[in-house]
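Starting from 1, each residue takes its place in the sequence as its number.
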Amino acid sequence: MLKYTSSAAYELAREHLPLPFQRYLRKLSSGSLDIPALAALQFDENNSECVLSFDEIHLKPEVVYDGPDFIGVNDKIEFYKSLFCFMLLSVKSSEQFIIQSLPIRDLNADLITTQLCSIISELKDSHIVISAIVYDNNRVNIATYKKLLYFYNGSNYTITVFDQPIRLFFDPVHLLKNIRNNFYKLKTFTLPEFSFKLDTFNVSLEHNSKATWACLEKLHKFEQKSLLKEAPQLSMACLYPDNKKREVSFVYFRH
């Protein structure tokens, strides 16, 4: 892109699009820097505080033959099931950078813990400061957080690495999704008793109050022909979600 645009034009585009710095592209195209150094270029010293996040992308079972190598399978000729990605996200801006991606067959806490420790260690000599690690609260990641707390002798979901405290968070979006999934599965939630004051209103809930999925179904049916709705975003897709995992085709770039 830099070869076909002026420096000023590229900087103008960066004001409207999440594009990397020019020096980052030049170093990347030259192949003279490793991943931590490239990440340090992506985040300048005024934008150095980052969150380390990780997630998996489910892959379609595909294989590409390149000379003596098979791409898309492991040494046992088993298809990789997913691509596990580690990403740095700036706390102060929208900058983000995939620092590592691994094709995997079986995901486990030992693998994630090893990679996280490796990334944290590699970034210690750069100006990047990792203030938090964020992921959803599935079984494997809960085990990963426990291993990190044990490895770094942490407590209260906080570890200290090279004198830098790093807090371990579960993604609130996934937490809300888990609440929705459990509600959909169980069909009934028994809510605890509580009371609080909101401005001039007193809000309270009696003991053993219940919320049912059937109430949402009745509300959707009742409001289908209404012009004004209490729940305009409530749809059939919300009531009967498709929980199938989306799969991405494996893409191989020849060097």
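- The distance from the CD1 atom of Ile159 to the CG atom of Asn153 is 11.0 Å, given to the nearest 0.5 Å.
- Between Tyr152 and Thr160, the closest heavy-atom pair is CD2-O, 4.2 Å.
- Taking all atoms of both residues into account, the shortest heavy-atom contact from Val134 to Phe170 is CG1-C, 4.5 Å.
- Between Lys81 and Ile104 the shortest side-chain heavy-atom distance does not fall below 4.5 Å.
- In this structure Gln96 satisfies the side chain to side chain donor-acceptor pair (under 3.5 Å) test with no other residue, sequence neighbours excluded.
- Between Phe169 and Val51 there is no side-chain heavy-atom pair separated by less than 4.5 Å.
- Contact check for Lys147 versus Asp110: side-chain heavy atoms found under the 4.5 Å cut-off.
- Among all heavy-atom pairs drawn from Ile128 and Cys50, the shortest one is CG2-SG, 4.1 Å.
- Between atom CG of residue Asp136 and atom NE2 of residue His174 there is a gap of 4.5 Å, rounded to the nearest 0.5 Å.
- Residues Ser118 and Glu122 have side chains that bring a donor and an acceptor to within less than 3.5 angstrom of each other.
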Trace of the side chain to side chain contact (heavy atoms under 4.5 Å, CB included) decision for Leu148 with Ile166: CA-CA 11 Å; Leu148 285 173; Ile166 300 177; over 6 Å; no
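- Nearest heavy-atom pair across Ser53 and Leu89 is CB-CD1, 3.5 Å.
- Residue Cys85 comes nearest to Ser101 through the heavy atom pair SG-CB, 3.9 Å, listed as atom of the first residue, atom of the second, then distance.
- In Asn182, the CG atom is crowded: over 12 heavy atoms of neighbouring residues, nucleotides or ligands sit closer than 6.0 Å.
- Within 6.0 Å of NZ on Lys187 lie more than 12 heavy atoms contributed by other residues, nucleotides or ligands.
- For residues 220-241, the set of pairs meeting the side chain to side chain donor-acceptor pair (under 3.5 Å) definition, not counting sequence neighbours, comprises Glu217-Tyr240.
- Hydrophobic clustering of Ile, Leu, Val, Met, Phe, Trp and Tyr side chains at less than 4.5 Å, counting indirect connections, unites Leu102 with Leu52.
- In the hydrophobic cluster analysis, where Ile, Leu, Val, Met, Phe, Trp and Tyr join through side-chain heavy atoms closer than 4.5 angstrom, Phe86 is grouped together with Leu107.
- Not counting sequence neighbours, the partners of Phe189 by the ring-ring contact (aromatic ring centres under 6.0 Å, His included) test are Phe183.
- Expressed to the nearest 0.5 Å, how far CD of Gln100 lies from CG of Leu116 amounts to 9.5 Å.
- Interatomic distance, Thr190 OG1 to Lys210 NZ, rounded to the nearest 0.5 Å: 5.0 Å.
- Under the 3.5 Å distance criterion, the side-chain polar atoms of Arg105 are matched with a main-chain donor or acceptor of Phe79.
- Under the 4.5 Å side-chain heavy-atom criterion for Ile, Leu, Val, Met, Phe, Trp and Tyr, Ile142 and Phe84 are members of the same hydrophobic cluster.
- Remark: the backbone N or O of Val173 is paired with a side-chain donor or acceptor of Asp171 at under 3.5 angstrom.
- Of all the heavy atoms in Pro103 and Leu83, the pair that sits closest is N-CD1, 3.6 Å.
- Other residues, nucleotides and ligands contribute at most 12 non-hydrogen atoms within 6.0 Å of the OH atom of Tyr150.
- Ser204 is not listed as a side-chain neighbour of Phe194, based on a closest heavy-atom distance of 4.5 Å or more.
- Judged by distance alone, the side chain of Asn74 and the main-chain N or O of Lys76 form a donor-acceptor pair under 3.5 Å.
- Taking hydrophobic clusters as Ile, Leu, Val, Met, Phe, Trp and Tyr residues chained together by side-chain heavy-atom distances below 4.5 Å, Val129 does not share a cluster with Leu123.
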Intermediate values then yes/no, side chain to side chain contact (heavy atoms under 4.5 Å, CB included), Ser131 and Val91: CA-CA 9 Å; Ser131 58; Val91 172; 4.0 Å; yes
Audit row: Ile120, Ile133, side chain to side chain contact (heavy atoms under 4.5 Å, CB included) steps and yes/no: CA-CA 10 Å; Ile120 293 171; Ile133 298 175; 4.2 Å; yes
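- Within a 6.0 Å sphere centred on CZ of Phe162, heavy atoms belonging to other residues, nucleotides or ligands number more than 12.
- Here the OG atom belonging to Ser82 is positioned 6.5 Å from the CG atom belonging to Leu59, to the nearest 0.5 angstrom.
- Residue Ile119 holds its CD1 atom at 11.0 Å from OG1 of Thr114, rounded to the nearest 0.5 Å.
- A chain of hydrophobic side-chain contacts below 4.5 Å, direct or via other Ile, Leu, Val, Met, Phe, Trp or Tyr residues, connects Val140 to Phe151.
- Formation of a donor-acceptor pair under 3.5 Å by the Tyr157 side chain with backbone atoms of Tyr145 is not found in this model.
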